[in-house]
Structures are given as C-alpha cells and as structure tokens.
Amino acid sequence: MGSLGVSSPDYQPGLAARLTPERQAALLARGFSTWPKSPSNYVREVVVDGEASAKRVVEEALDILFGEFGYRGSEELGLRVCTEWSSGEAGDGE
C-alpha cells in the first residue's frame, strides 16, 4: 500500500492560480482527504501490487495533472519515487 499525494495552495502558494476551489473539490471527489497534521496536503491511499495497478495509479496521476492542475506541457515534469516513506509518517515532520 502507498499513497498518492497532492499539495495545495496553502503549502505551495504558486498553485493558487491552477488549483482553484473547484479543482480542489474535484480532488475530494476522487477520494482524496487532507492529513490531520498537515491540512494543506491532499492524500489518498493506493495499492500497487503489480503492473496493472501501477499503470492505473500513473494514469490517475497524469489525469490529475491535466484535469485538476490544468497542465498542458509548458513546464518540465518531474517524478519523485519514495520507497522508504508512508503516509502515516507524512504529518510527523520527519
């Protein structure tokens, strides 16, 4: 099990123009919630137990970039894979 996380304008003020209240509501409709210790981040638990589930998570991440963030390719994308981290640790500030 892992988590799919998205920052909000509270944490990244530069996102305010892209992550509008309507788009934030769309994240909530996708099953995201906020961390109790860091309400500026949206998170949803995901299960990646093979190639098919990994593909679904990647497709949803791209869909969020295009839908909720309005990404259209004008900026370079980056990918960060965390293998020693879990959402339970996220709010601990460590």
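Start at 1 with the first residue, then count along the sequence. Here the structure is a predicted model, which means the values were calculated and not measured.
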Participant: Are there over 12 heavy-atom neighbours, none belonging to Glu59, within less than 6.0 Å of that residue's CD?
Facilitator: yes
Participant: Checking the side chain of Gln24 only, and the main-chain atoms of Leu19 only, is there a donor and an acceptor separated by less than 3.5 Å?
Facilitator: yes
Participant: Within the structure provided, determine whether Ser53 and Val47 are in side-chain contact (heavy-atom separation under 4.5 Å).
Facilitator: no
Participant: Return the CG to CZ distance between Leu65 and Arg72, rounded to the nearest 0.5 Å.
Facilitator: 10.0 Å
Participant: So which atom in Phe66 and which in Tyr71 form the shortest heavy-atom distance, rounded to 0.1 Å?
Facilitator: CD2-O, 3.1 Å
Participant: Could you grab the distance from atom CD of Glu68 to atom CG of Asp63, nearest 0.5 Å is fine?
Facilitator: 6.5 Å
Participant: Does the side chain of Ile64 reach to within under 4.5 Å of the side chain of Tyr42, using non-hydrogen atoms?
Facilitator: no
Participant: Would you mind listing every salt bridge (Lys or Arg N to Asp or Glu O under 4.0 Å) that reaches into residues 17-26, with sequence neighbours excluded?
Facilitator: Arg18-Glu75
Participant: Rounded to the nearest 0.5 Å, what separation is found between the CG atom of Leu27 and the CZ atom of Phe69?
Facilitator: 6.5 Å
Participant: Any donor and acceptor pair, going by atom type alone, linking the side chain of Arg44 with main-chain N or O of Arg30 inside 3.5 Å?
Facilitator: yes
